[in-house]
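I have placed the structure first, in the form of structure tokens, so that the comments after it can refer back to it.
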Amino acid sequence: MALEIRDLHVAVEGKEILKGVNLVVERGATNALMGPNGSGKSTLSYTLMGHPKYEITRGKILLDGASLIEMTPDQRARHGLFLAMQYPVAVSGVTLYSFLHAATSAVRGYGERTPTATRGRLNSHLMPMREFRQELNEKMAFMEMDPAFLQRYLNEGFSGGEKKRAEILQMALLKPKIAILDETDSGLDIDALRLVSEGINTLQKDLNMGLLVITHYQRILNYIHPDVVHVFVDGRIVKTGDAKLVDVLEEQGYEWVRQGMG
Amino acid sequence: MIERLDESLPDIGVTPQTAQILAPGPKSVALLSDLYDEPDWMRQARHEAWQQYEAMDLPDPKEEAWRRTDLKAYPLDSLRVVLSARELDGIYDLPPCWDYALAPVDQVSGALVHCNGARTYAIMRRDDALSGVILEDLHIALKTHGDLIRGTWMRGATTRPGFNKFTALNAALWHGGTFIHVPAGVRVARPLQSLVALDAEGGTNLHHTLIIAEPGSRVTLIQDRVSQDSQPELNAEVVEIYAGAGAWVRYVSLQHWSEHRYSVTVQEARVAENANFVWVAGSLGGKMTKDFLRSDLVAEGARSMMAGFSFVHSDQHLDQSTYQHHRAPNTHSDLLYRNILKDQTRTVFYGMIRVEPEASGNTMAYQANNNLLLSDARAHAIPGLEILANDVRCSHGATVSRIDDEERFYLEARGLPKPEAQSLIAQGFIRPIIERMPLAHIRQRVEDEIAERFWL
Ligand SMILES: Nc1ncnc2c1ncn2[C@@H]1O[C@H](COP(=O)(O)OP(=O)(O)OP(=O)(O)O)[C@@H](O)[C@H]1O
Ligand SMILES: [Mg+2]
């Protein structure tokens, strides 16, 4: 039960960015991925989620043995993959509430919206409102988010930290098997970082979730303890170790790894 | 709390089971006056309008406003004025699809339903009725408020009979109408609702709406239109709105015409000193529709906010000419129209802002037309500015966009299939306008209908 990435090569607009990534994220395990700006970490996370801009030229991505490459992003999400984005996108006119209701319903299999479904019973593709509302209220309270956010448009005008909190709120509702957190710590203040990290830890325990935590800084890893740390340089993993690797990186930077490579 | 008014339909010799169909012509014009026992001035007005109608040509396709809507496609030969009397026993007698259009009775101050031109249902909250608020069939109102109606009848730049052949037709053969009068200083507690419904036997729609809000009054009308046509049908409708000094008038105009209806409508508001006019127009139906929508700011301090949304699909053609007319200083107008185009649809938007020399001084006019294309549909936007005054702030803009890939990916990544993601984003595009409509029931109804159309 794991996310497996085998010899993954990815190009964007003809330029190769990922150059043979090998990585396994087991259910219940926490993997940290650290690497310099522009090394391809977000490219990896977008590719895993199925962003159409990223062209896979070689390699495999498997989730619990099933190949993800042929799947659309929404199918991947429904299979239990979640990506907390480095830059969450704002969608004007779509309230956070209606979005969460639609997404939660879709991932929990309330049925696709079809002409017959809508004809037969309005909103039959949605989770019953009362049940959803109750769960949502609990999760919002847990994330210490003001319910007023629900009537705001998705991510529109949210502060950097509010966006990141909303990403984890979504994760809590969608209950993935594997979650990729792409710089979820950036933009969070000290208290929010602790809150969000504790939220992630609780969810991980409840769901036996596998985590791939992409970060530049040690501080989030003080709360979310990684089982494995990978160093990512120029489109591939160049070093893998335990949590102690983080300390070495904090002290010496990536130059140390690059020299080791050279 | 809600009372049924006991005014009954005038006796027009039509039983609930039978309908009469009048062919257009001078005889029918006179017959309508006979049937409704109309005052002489209206008889005369109809007669003159018919003469104008006969003398007029169809609008010239070379005329800017008609360049992109081909009247040759209109079923001009199948004009039929259908007379039927269908007083309903109660709201539950309405066909469900129409019933659905009406908000729950306890959320409105009054409701008036016309079916095939006949007043079929009317209710009014007692408190509002006691304060003199009238929501009534225009034929009945001609007897009770004849002079008032005569004083305003079809005098606007676009509502005069001679504006085009369709306004002349309405002036001559109008049949079924909504009349609202709010006395000075009276605030209508809740929205009023009007439903203009035509079933498969409905024929040509020649509805005429007249709203007179006296100085300092406050009123909202939600007017909805539905049809269930079995063949191509014509629509020639006129709406006249008078917002008196200091009045606050909101007009929500929705149409859900069937895919067989071809429409030319005129709606014009005259906004007096320090009056506020709030307009929300929603177009969902019709095969081909041409709307003239105009607000005239005739005195200092007048304000108008015009907002519109449309969702067209299949091969619908939607053409709107808007006109923001500033005739006094310190007048503000704001217009925001958003269209969603699916399939092979086409929308046309002529947005004119005209500021007269006498409007110099702190006058502001804004206009925005935004189109979201879901396919290779076509949206034309032709803004026009005629600024003859100084000290005017004015801006206009038109955009055509498609669904943003990154927004769609974000929603897909959260489990929503592509069509559902697109539908959410598209609905979000017009939500700022939907939110300007009163009553959650009405907003929800429109959103559901749009969501459903997305899957057609
Ligand atoms: N859509 C794109 N079009 C063009 N170039 C791209 C695109 N996406 C990524 N790249 C390039 O690929 C490289 C890797 O980018 P990526 O965002 O994956 O880096 P990252 O490791 O996440 O960096 P950071 O730590 O700054 O977030 C960069 O050089 C970037 O400019
Ligand atoms: Mg990145």
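Any value given below was found using the heavy atoms of this structure, including those in side chains, with hydrogens, waters and symmetry copies removed. The structure presented is a predicted model; accordingly, all values stated were derived computationally and were not measured. Order of the sequence lines sets the chain letters (A, B, ...), proteins ahead of strands, with each chain counted from 1.
Taking every heavy atom of both residues into account, A:A106 and B:G415 meet most closely at CB-O, 3.3 Å. Here the closest non-hydrogen pair linking A:T95 and B:R431 is N-NH1, 4.4 Å. In plain terms, the two heavy atoms of B:A413 and A:P73 that are nearest each other are N-CB, 4.2 Å.
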I would like to know whether A:L154 and B:L411 meet side-chain contact (heavy atoms from CB on, under 4.5 Å); could you show each step before the answer? CA-CA 10 Å; A:L154 178 55; B:L411 299 188; 3.8 Å; yes
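The distance from the OG atom of A:S92 to the CG atom of B:D404 is 11.5 Å, given to the nearest 0.5 Å. One distance of note links OG of A:S105 with CD of B:E420; it measures 8.5 Å at 0.5 Å rounding. To the nearest 0.5 Å, atoms CD (B:E406) and CE (A:M85) are separated by 8.0 Å. Note: A:H51 NE2 to B:D405 CG = 7.5 Å, rounded to the nearest 0.5 Å.
No option in A:Q170, A:M171, A:R78 other than A:Q170 meets the side-chain contact (heavy atoms from CB on, under 4.5 Å) test with B:R414.
When side chains are defined from C-beta on, B:L424 counts as touching A:V94, because their heavy atoms get closer than 4.5 Å. Counting heavy atoms from C-beta outward, B:Y410 and A:F99 have side chains that approach closer than 4.5 Å. Under the 4.5 Å side-chain criterion, counting only non-hydrogen atoms from C-beta, B:F409 is in contact with A:P52. With contacts defined as side-chain heavy-atom distances shorter than 4.5 Å, the pair A:M49/B:E412 does not qualify.
Looking at A:L173, neither its backbone nor its side chain comes within 4.5 Å of chain B, counting heavy atoms on both sides. Both the backbone and the side chain of A:P88 come within contact range of chain B, judged by heavy atoms closer than 4.5 Å.
Within a 6.0 Å sphere centred on NE2 of A:H79, heavy atoms belonging to other residues, nucleotides or ligands number 12 at most.
With respect to chain B, the highest number of heavy-atom pairs below 4.5 Å among A:L81, A:T72, A:N155, A:T104 belongs to A:N155.
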